Enquirer: 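If you scroll down you'll find the structure; I have some questions about it.
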There are 4 protein chains.
Amino acid sequence: MSLNKVQLIGNVGKDPDVRYLDSGVAVATFPLATTDRGYTLANGTQVPERTEWHNIVLWRGLAETAEKYVRKGDKLYIEGKIRSRSYDDQNGVKRYVVEIFGDNMEMLSSPRQSQQAPQSAPAQPSGAQPVQQGSAAQSAPAGEMSDDLPF
Amino acid sequence: MSLNKVQLIGNVGKDPDVRYLDSGVAVATFPLATTDRGYTLANGTQVPERTEWHNIVLWRGLAETAEKYVRKGDKLYIEGKIRSRSYDDQNGVKRYVVEIFGDNMEMLSSPRQSQQAPQSAPAQPSGAQPVQQGSAAQSAPAGEMSDDLPF
Amino acid sequence: MSLNKVQLIGNVGKDPDVRYLDSGVAVATFPLATTDRGYTLANGTQVPERTEWHNIVLWRGLAETAEKYVRKGDKLYIEGKIRSRSYDDQNGVKRYVVEIFGDNMEMLSSPRQSQQAPQSAPAQPSGAQPVQQGSAAQSAPAGEMSDDLPF
Amino acid sequence: MSLNKVQLIGNVGKDPDVRYLDSGVAVATFPLATTDRGYTLANGTQVPERTEWHNIVLWRGLAETAEKYVRKGDKLYIEGKIRSRSYDDQNGVKRYVVEIFGDNMEMLSSPRQSQQAPQSAPAQPSGAQPVQQGSAAQSAPAGEMSDDLPF
DNA sequence: TTTT
DNA sequence: TTTT
């Protein structure tokens with residue numbers, strides 16, 4: 001009775017930060033930028049270009065794929081859901097972050113010719129369809145994240 | 001070269017708050033809830049149901065439609081984009097909010113039998129396809145919002 | 001490097017037709033209607049309302065859910081992919097059909113008060129998020145369908 | 001009360017065919033391929049790679065953009081809706097085609113360094129957000145297409 | 001008829 | 001902090 005879906009095509013702001021929970025589950029986080037080009041209003045006002053930064057969080061297989069193949073500057077398609085989280089910052093002020101839990105990823109940049117992504121290893125280990133994460137995002141109990149991911 | 005798209009189906013948390021900018025442009029804001037049902041992990045751990053609240057912002061025609069027809073409890077489909085914004089709270093602490101600027105809305109609840117949404121007035125003035133807002137969201141210069149929308 | 005995604009909200013044209021392959025895999029098919037409301041062109045031309053019929057195909061768990069809970073007239077959200085298929089009709093003419101292989105379904109109608117969908121049995125056995133089918137659609141070898149589904 | 005949305009990322013099968021209706025409206029058509037990579041079932045069965053061809057139809061501004069900048073082999077993001085149409089073939093047999101009426105396009109290939117897409121002319125004349133076609137797709141009366149587009 |  |  002509910003839908004919470006996000007689809008982004010943008011550029012990776014920096015190399016993924018990948019952690020492994022005690023359970024062995026991989027979690028990757030990185031910023032992704034989408035940019036509006038700016039435009040001119042009917043009255044002549046110039047509205048400048050605007051970049052939106054999204055906090056991407058990937059789990060398990062997708063996180064491992066990101067660790068191997070996603071790099072700063074890459075163009076990605078990410079599909080997932082919006083999730084907000086709060087934490088207390090160093091001054092005890094409650095802070096909120098909004099994250100995109102990705103369950104589907106498409107690498108849109110040309111594959112690199114490197115030791116990281118050798119020709120013989122597919123950048124996407126799964127099917128021709130975008131990498132489907134199955135129930136990975138759902139499999140991580142909220143508790144596991146508590147202190148592990150001060151994004 | 002960029003895509004920033006959100007699609008939600010959820011329930012309206014309270015009646016829309018509608019304002020009119022000096023330019024006459026309508027802006028509606030309201031919270032929308034999407035809910036994950038909760039599930040049981042392979043190891044037996046119960047992950048409880050979880051509700052995500054989204055700050056919806058609608059402009060112009062969509063805002064006016066919302067003012068007329070959207071009410072607390074209604075089920076809606078909202079399509080739009082993610083937009084974050086910062087402001088200084090009453091303590092001078094910089095705060096961030098993430099909003100969903102909707103450019104497409106579908107009313108999924110049965111129409112009310114009321115003075116607000118009379119049978120003779122369609123809940124959706126535009127086409128059979130979801131209400132397309134055209135360039136409305138883009139037409140509002142950033143400046144206009146500065147102090148008008150302390151969401 | 002590829003995305004093939006369809007999202008529909010529409011009404012079920014008739015009760016699902018559910019078959020079980022020899023492997024025990026359930027396959028449900030039914031038509032879903034989406035409707036454009038019609039509009040008036042700038043030059044005054046009236047473009048009438050238009051209904052599009054989609055051939056929905058569901059597999060495994062989703063097919064079983066459809067068998068139990070989906071009925072003619074219901075409003076559904078369906079997410080999936082486009083798939084075309086050809087067959088020879090009774091006159092030996094090659095025919096093409098386009099189907100929507102759903103991998104996600106949301107029931108948007110109020111639940112029926114009936115023996116078919118008792119209060120105690122949730123219409124959607126899976127998570128709060130839309131019913132994710134995992135890799136079910138991919139798990140059915142093309143061959144299995146050959147003569148089984150003259151849609 | 002209805003949603004009919006398609007999102008594709010794929011490769012253009014051949015240069016767009018662009019026609020101009022008597023009204024001056026541009027219509028571009030071209031095939032777009034999305035490819036499933038193939039996979040191995042649990043029982044060891046190999047399901048081969050599979051390519052789906054989509055008949056893309058663009059109107060007005062998007063058609064003109066396609067005429068100028070879209071070429072065989074390009075990778076595109078296309079958003080639009082499914083529309084089916086019937087016609088009688090040369091043998092008087094009724095045929096059906098399913099087309100994707102695009103209302104949003106993103107060019108994902110690196111821009112060509114050519115006379116067709118000079119550096120000084122942006123591949124996307126509109127905003128930073130995907131090229132929004134406004135109501136173009138809705139503005140073409142069905143009648144106009146009758147014999148004009150034997151796709 | 002594309003692409004990896 | 002990306003990209004065009």
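Each chain gets a letter, A, B and so on, in the order its sequence line appears, and its residues count up from 1. No experiment lies behind these values; they were computed from the predicted model shown.
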Enquirer: To the closest 0.5 Å, what do you measure between NZ (D:Lys5) and CG (D:Asp103)?
Expert: 6.0 Å
Enquirer: Rounded to the nearest Å, what distance is computed from the CZ atom of residue A:Phe30 to the P atom of nucleotide F:dT2?
Expert: 15 Å
Enquirer: Report the distance from atom OH of A:Tyr77 to atom C1' of F:dT2, rounded to the nearest whole Å.
Expert: 19 Å
Enquirer: Would you say D:Trp53 stacks on E:dT1, if stacking means ring centres under 5.5 Å apart and planes within less than 30 degrees?
Expert: yes
Enquirer: So, using salt bridge (charged side-chain N to carboxylate O under 4.0 Å, His left out) as the criterion, who are the partners of D:Asp17 when residues are at least two apart?
Expert: D:Arg19
Enquirer: Starting at atom NE2 of A:His54, determine the distance to atom P of F:dT3, rounded to an integer number of angstrom.
Expert: 16 Å
Enquirer: Once salt bridge (charged side-chain N to carboxylate O under 4.0 Å, His left out) is applied, do any residues pair with C:Asp89, and if so which ones, sequence neighbours excluded?
Expert: C:Arg95
Enquirer: Quick one: is D:Lys72 getting a side-chain N or O under 4.0 Å of the E:dT2 phosphate, OP1 or OP2?
Expert: yes
Enquirer: Output the rounded distance in Å from CD (A:Glu52) to P (F:dT4).
Expert: 19 Å
Enquirer: Between E:dT2, F:dT1, E:dT1, which one does the side chain of D:Asn11 approach most closely?
Expert: E:dT2
Enquirer: Go through E:dT1, E:dT2, F:dT4 for me and flag the one nearest to the D:Thr35 side chain.
Expert: E:dT2
Enquirer: Nearest-Å distance, CG (D:Asp15) to C1' (E:dT1)?
Expert: 11 Å
Enquirer: How many Å lie between CZ on D:Arg71 and P on E:dT2, as a whole number?
Expert: 16 Å
Enquirer: Look at the side chain of A:Thr34 and the base of F:dT2, then say whether one donor and one acceptor between them are separated by less than 3.5 Å.
Expert: no
Enquirer: Could you tell me whether the side chain of A:Thr51 has a donor or acceptor atom within less than 3.5 Å of a complementary atom in the base of F:dT1?
Expert: no
Enquirer: Decide if atom OH of A:Tyr20 counts as having more than 12 heavy atoms of other residues, nucleotides or ligands within a radius under 6.0 Å.
Expert: yes
Enquirer: Where do D:Leu8 and C:Leu3 land on the side chain to side chain contact (heavy atoms under 4.5 Å, CB included) test, with the steps shown first?
Expert: CA-CA 5 Å; D:Leu8 306 171; C:Leu3 179 74; 5.9 Å; no
Enquirer: Tell me: CG of B:Leu3 to C1' of F:dT4, nearest whole Å?
Expert: 16 Å
Enquirer: Tell me which nucleotide among E:dT1, E:dT4, F:dT1 gets nearest to the side chain of D:Glu49.
Expert: E:dT4
Enquirer: How many whole angstroms separate atom CE of D:Met107 from atom C1' of F:dT3?
Expert: 16 Å
